[in-house]
Amino acid sequence: MSRYNAREVEPKWQKAWEDAQVFRSIIDRSKPKYYVLEMFPYPSGRIHIGHGRNYVMGDVVARFKRAKGFNVLHPMGWDAFGMPAENAAMEQKSHPAKWTYANIETMKSQLKLLGLSVDWSREFATCDPGYYKHQQKMFLDFLRLGMVARKESNVNWDPVDNTVLANEQVVDGRGWRSGALVEQRKLTQWFFRISDMADELLTAIDGLDRWPDKVRLMQRNWIGRSEGARVTFTLTDAKHTSLEIFTTRPDTLFGASFCAISPDHPITQDLAKSNKKLVDFIAECKRTGNTAAAIEAAEKLGFDTGLRAKHPFIAGHSLPVFVANFVLMEYGLGAIFGCPAHDQRDLDFARKYNLPVIPVVVPTGEDAKTFSVGTEAFTGEGLLANSDFMNGMTVEDAKKDVIAKLEGRGIGKKTITYRLRDWGISRQRYWGCPIPIIHCLSCGPVPVPDRDLPVTLPEDATFDLPGNPLDRHPTWKNVVCPTCGKPARRETDTMDTFVDSSWYFARFCDAHAEGPTNPEAVNYWLPVDQYIGGIEHAILHLLYSRFFVRAMKKAGHAGLSEPFAGLFTQGMITHETYKDQDGKWLFPEEVEKRDGLALKRGTNQAVAIGPVEKMSKSKKNVVPPEAVADTYGVDAARWFMMSDSPPERDSEWSEAGIDGAWRFVQRVWRLVEEALPKLPGFGSSKPDSFSKEAIAIRRIAHRTIDLVSEDLEKFRFNKAVARIFEFINALSEFTPRSDSDQWAMREALEALVMLINPMVPHLSEECWRLLGATTMAVHAPWPKADPALTKVDSVTLAIQIDGKRRDEIELPKDLPAKAAEEAALAREGVLKAIDGRVIKKVIIVPNRIVNIVTEQK
RNA sequence: GGCCCCUUGGCGGAACUGGUAGACGCAACGGACUUAAAAUCCGUCGUUCGCGAGGACGUGCCGGUUCGAGUCCGGCAGGGGCCACCA
């Protein structure tokens with residue numbers, strides 16, 4: 001009896017797969033294609049087991065589909081541009097490229113350790129000029145087609161690091177690295193005009209039927225469609241004669257008591273030229289941070305411009321126009337009318353500045369004459385009042401009516417507004433894809449001609465100072481204008497790294513294509529049939545990719561609109577956290593558990609066990625894959641990752657859990673090894689008849705094939721694992737006595753070895769070989785269940801008396817209701833439970849339950 | 001503040017469309033084997049009453065619909081997620 005030695009077996013099979021180039025994919029139209037992709041990693045250093053779940057899940061799907069006869073594409077690459085590389089370069093006085101490629105090398109060997117069925121011939125990093133040159137080409141294509149804009153926008157500016165910060169890099173109003181108070185600045189930036197596609201991106205969500213509802217909802221909310229109206233107010237001012245506002249509640253127009261415009265509104269800006277106090281007010285508005293807490297605490301502030309707006313329906317009535325800190329220039333028209341009775345912000349504002357509060361929608365059951373609003377605005381349904389021609393209407397009818405009247409008079413229009421803003425892609429950073437533009441004083445921004453692509457990053461940049469190394473490079477940015485030949489300046493901003501990840505899945509279809517994509521390959525492989533990644537990308541990455549593929553279609557680089565037909569968002573791997581007595585984080589391997597106490601290994605120092613959290617480098621609650629592979633083997637790790645929790649939920653990594661998985665691996669090996677000596681040879685012919693026991697085990701085997709196949713199909717890995725355990729339990733109890741029993745045992749073991757193959761491929765190969773196969777399990781087809789053996793012919797029904805379970809009965813499947821009723825009523829226990837009461841009715845659910853309802857005394 | 005989701009034994013979790021709650025695994029406990037340990041094997045394992053057969057209770061809490069509710073509806077509590085001054 002030998003023990004299964006994962007340390008020897010796993011590298012052996014990995015090499016065999018590689019030597020045979022098993023996972024190399026080519027276009028093969030004789031089979032259905034299946035593209036499975038995990039969100040590609042950022043090469044941050046080393047991977048830990050927490051990263052592994054994502055790739056293992058994809059690998060299980062890839063191996064399962066391959067066995068089922070699909071032509072599978074399962075590639076891997078690197079999302080390699082980004083700030084951490086630049087920060088590391090600053091700290092280590094090195095170069096981002098050096099750091100990045102070194103990390104890629106480390107992480108690639110770590111990933112290979114997991115035994116992934118990846119076609120490595122398609123590997124690339126987004127920082128390869130061979131990748132980003134195509135991105136530059138597409139940027140220019142999009143520019144020509146009007147999908148790129150250059151415009152001014154407000155950005156978070158870190159005055160110490162001299163760079164723009166993303167919103168998530170601003171913590172409590174300060175830069176996350178420098179700690180400096182972040183300023184709002186206006187910068188001219190490049191944008192992808194994603195908002196032009198808002199409606200299309202929104203309606204197409206309905207068709208993404210293999211995406212989680214949660215993600216679809218998040219995308220819908222992010223796009224944020226609102227129906228409303230734009231209304232033009234006439235101003236009583238010689239210079240500024242009108243003001244256009246957006247509202248979703250035109251029905252409340254008669255409750256208007258003021259208008260408010262954004263500090264960034266053109267009228268505000270114009271008035272500020274001659275009003276020092278307004279300049280101060282605008283500055284004050286800018287100071288309020290845009291953090292959640294700041295917004296919560298922020299007071300509504302207004303500045304009376306002195307302008308008055310004529311009410312569109314009430315002759316002689318006019319409204320004051322304020323500049324207000326809560327009105328955003330980026331949404332709608334940057335101007336609103338305030339109806340305090342029916343909007344909380346307007347109410348807060350009105351109370352502060354003593355403006356009238358006139359209810360115009362009255363909840364049912366309230367009298368219009370007495371209904372009033374105190375400190376809480378009424379935003380519910382009701383009937384219109386104090387509203388002239390709308391009186392008595394429902395909110396919905398009133399909206400339609402007032403919009404028709406406004407349109408009739410040419411002072412309003414029904415409008416749909418989206419929350420989605422254009423995608424600003426300029427970053428004042430070195431380690432990103434250069435934006436292929438040349439700025440010429442005479443010609444303006446000029447595209448870099450195709451023949452000059454790629455615009456590559458200069459290697460001799462310096463990283464010792466904050467700010468953009470490209471901007472301070474002595475020569476790189478100095479070029480001549482491609483149009484007029486005069487001296488000009490290169491664009492020194494690089495692209496947001498989300499651009500890089502918006503089309504990598506298309507590049508994988510032919511990673512060596514001459515153009516951005518190879519149409520034949522893209523049209524064959526896309527869409528991605530199964531995309532797998534973290535929920536944290538539910539909005540940005542997935543929305544940007546959906547936009548980008550649409551743009552690629554317009555530019556002729558792709559033939560479809562939706563890149564990801566199926567999406568699965570997997571949960572994280574978590575682990576306990578540990579701190580020593582000085583409050584320093586400890587790695588799990590530094591902690592030893594003895595007699596229920598946690599101690600620092602090699603000492604008697606107590607360790608504080610902290611909460612279970614997502615594995616992360618900063619909290620040191622990570623487990624390196626090498627350590628797991630060495631002690632237990634990666635199959636045990638893979639099995640544990642698939643068995644513990646449903647895949648969409650978080651899963652806690654524990655020593656006990658991986659121990660259990662290791663025992664499973666040993667148990668399968670033992671089962672096969674112990675049965676082997678008496679089994680008939682591989683491929684021996686099926687006996688003519690079987691014993692009762694053999695038929696029973698064959699039924700279980702075939703039934704398990706069906707159940708596990710269905711579970712894997714539906715991403716229910718934890719249930720597939722449970723089925724396999726049940727199968728193994730049944731096999732352990734089965735003692736073959738005859739030749740035909742032995743044949744049934746072999747059949748069951750072969751099925752078992754194939755069923756576990758996607759999860760524990762190395763163990764499967766080794767058992768497959770042990771069973772006498774001469775080819776690899778990776779080439780073997782998925783087992784097929786015999787319908788004659790999966791058919792169930794008897795079922796156990798529960799018998800309820802008055803809704804309580806009192807008995808159960810075994811009956812032939814699909815027995816008519818009448819017969820089932822008679823059988824149930826013949827049972828002694830049932831009669832005893834009925835206890836002589838009159839039977840009122842009997843409810844029979846075929847093959848499930850008999851419920852006898854009696855007359856209650 | 002808005003929208004959404006979740007809550008089942010000591011733990012992870014099963015339970016198809018309203019039809020036998022707790023599959024399977026982990027942990028724990030008792031036993032066998034062993035000089036001993038590991039490994040392995042056998043058994044117990046929601047709470048409670050009963051010697052037993054068996055009974056009562058039980059899916060966060062309160063109520064409803066139903067012959068029947070973990071599952072559907074209303075309310076509450078706790079936990080989590082996304083967005084956030086979006087007019």
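Proteins come first, then strands; the chains are lettered A, B, ... in the order of their sequence lines, and each starts at number 1.
Of the possible donor and acceptor atoms, one in the side chain of Asp422(A) sits under 3.5 Å from a partner among the backbone N and O of Ser195(A). One N or O on the side chain of Thr305(A) and one on the backbone of Val321(A) form a donor-acceptor pair closer than 3.5 Å. Side-chain atoms of Arg723(A) do not come within 3.5 Å of backbone N or O of Val708(A) as any donor-acceptor pair. Remark: side-chain polar atoms of Ser262(A) are paired, donor with acceptor, to backbone N or O of Val327(A) under 3.5 angstrom. Side-chain atoms of Asp635(A) come within 3.5 Å of backbone N or O of Leu763(A) as a donor-acceptor pair.
Using atom C1' as the reference point in both G54(B) and C61(B), the two lie 31 Å apart (nearest Å). Spacing between G18(B) and C57(B) at atom C1', rounded to whole Å, works out to 22 Å. Comparing the C1' positions of G58(B) and C49(B) gives an interatomic distance of 15 Å, to the nearest angstrom. Comparing the C1' positions of C41(B) and U8(B) gives a spacing of 32 Å, expressed to the nearest Å. Rounded to the nearest Å, the gap between the C1' atom of U17(B) and that of A69(B) is 14 Å.
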What's the verdict on side-chain contact (heavy atoms from CB on, under 4.5 Å) for Leu307(A) and Ile267(A), showing C-alpha distance, side-chain angles and the deciding distance?
-> CA-CA 10 Å; Leu307(A) 300 177; Ile267(A) 292 178; 3.9 Å; yes
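Minimum atom distance to the side chain of Arg421(A) is reached by C86(B), of the listed C86(B), G13(B), U20(B). Side-chain proximity of Pro646(A) to the nucleotides A14(B), U20(B), C24(B) is greatest for A14(B). Closest approach to the Thr248(A) side chain among A87(B), A14(B), A23(B) is made by A87(B) (side chain taken as heavy atoms from C-beta onward). Of all nucleotides listed (A84(B), A23(B), G25(B)), G25(B) comes nearest to the side chain of Phe725(A). For Ile849(A), the listed nucleotide lying nearest its side chain is U20(B); candidates were C85(B), A27(B), U20(B). Set against C41(B), C24(B), G13(B), the side chain of Ala722(A) has C24(B) as its closest nucleotide. The Asn729(A) side chain lies nearest to C24(B) when the options are U20(B), C24(B), C86(B). The side chain of Ile539(A) has C82(B) as its nearest neighbour among A87(B), U20(B), C82(B). Comparing C82(B), G19(B), A87(B) against the side chain of Ile843(A) picks out G19(B) as the nearest.
For residues 643-663 of chain A, there are no salt bridge (charged side-chain N to carboxylate O under 4.0 Å, His left out) pairs, not counting sequence neighbours.
Within the 4.0 angstrom heavy-atom criterion, only backbone atoms of the sugar-phosphate kind lie near Arg806(A); the bases stay farther away. Among the heavy atoms of the strands lying under 4.0 Å from Thr796(A) is at least one base atom, whether or not backbone atoms are also near. Heavy atoms of Phe246(A) sit under 4.0 angstrom from at least one base atom. When heavy atoms are screened at a 4.0 angstrom cut-off, Gln800(A) is found touching base atoms of the nucleic acid. Asn851(A) comes within 4.0 angstrom of a nucleotide base, judged by non-hydrogen atoms across all strands. If you check every strand for non-hydrogen atoms under 4.0 Å, Val327(A) touches a base. No contact: Ser643(A) has no heavy atom under 4.0 Å from any strand.
Side-chain contact check for Thr790(A) versus Ile705(A): every heavy-atom pair is 4.5 Å or farther apart. Between Trp653(A) and Phe640(A), the closest side-chain pair of non-hydrogen atoms falls below 4.5 Å.
Applying ring-ring contact (aromatic ring centres under 6.0 Å, His included) to Phe258(A) and the options Phe303(A), Phe337(A), Phe349(A) leaves one that passes, Phe349(A).
Considering only side-chain N and O atoms, Arg663(A) lies nowhere under 4.0 angstrom from the phosphate OP1 or OP2 of A38(B). An OP1 or OP2 oxygen of G19(B) is reached within less than 4.0 angstrom by no side-chain nitrogen or oxygen of Lys804(A). Within the structure, a side-chain polar atom (N or O) of Arg345(A) is placed less than 4.0 Å from OP1 or OP2 of C86(B). Between Arg220(A) and the phosphate of C83(B), there is no side-chain N or O to OP1/OP2 separation shorter than 4.0 Å. Look at Asn718(A) and you won't find any side-chain N or O under 4.0 angstrom from OP1 or OP2 of G12(B). For the OP1/OP2 pair of A87(B) and a distance below 4.0 Å, the side-chain nitrogens and oxygens of Ser226(A) include at least one atom meeting the criterion.
Phe326(A) carries Lys300(A) over the face of its six-membered ring, with the cationic atom under 6.0 Å from the centre and within 45° of the normal.
Mapping Met218(A) and Leu328(A) onto RNA chain B by nearest heavy atom places Met218(A) at the nucleotide closer to the 5' end. The nearest heavy atom of RNA chain B to Trp222(A) and to Gly332(A) marks one nucleotide each, and the one closer to the 5' end goes with Trp222(A).
The aromatic rings of Trp669(A) and Tyr4(A) are tilted relative to each other, their planes meeting at an angle between 30° and 60°.
A donor-acceptor contact under 3.5 Å is not formed by the side chain of Lys840(A) with the base of C67(B).
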Footprint string (nucleotides 42-50 of chain B, 5' to 3'): B base within contact, S backbone only, - free, heavy atoms under 4.0 Å = ---------
5' to 3', nucleotides 2-9 of chain B under a 4.0 Å protein heavy-atom cut-off (B base, S sugar-phosphate only, - none) gives -SS-----
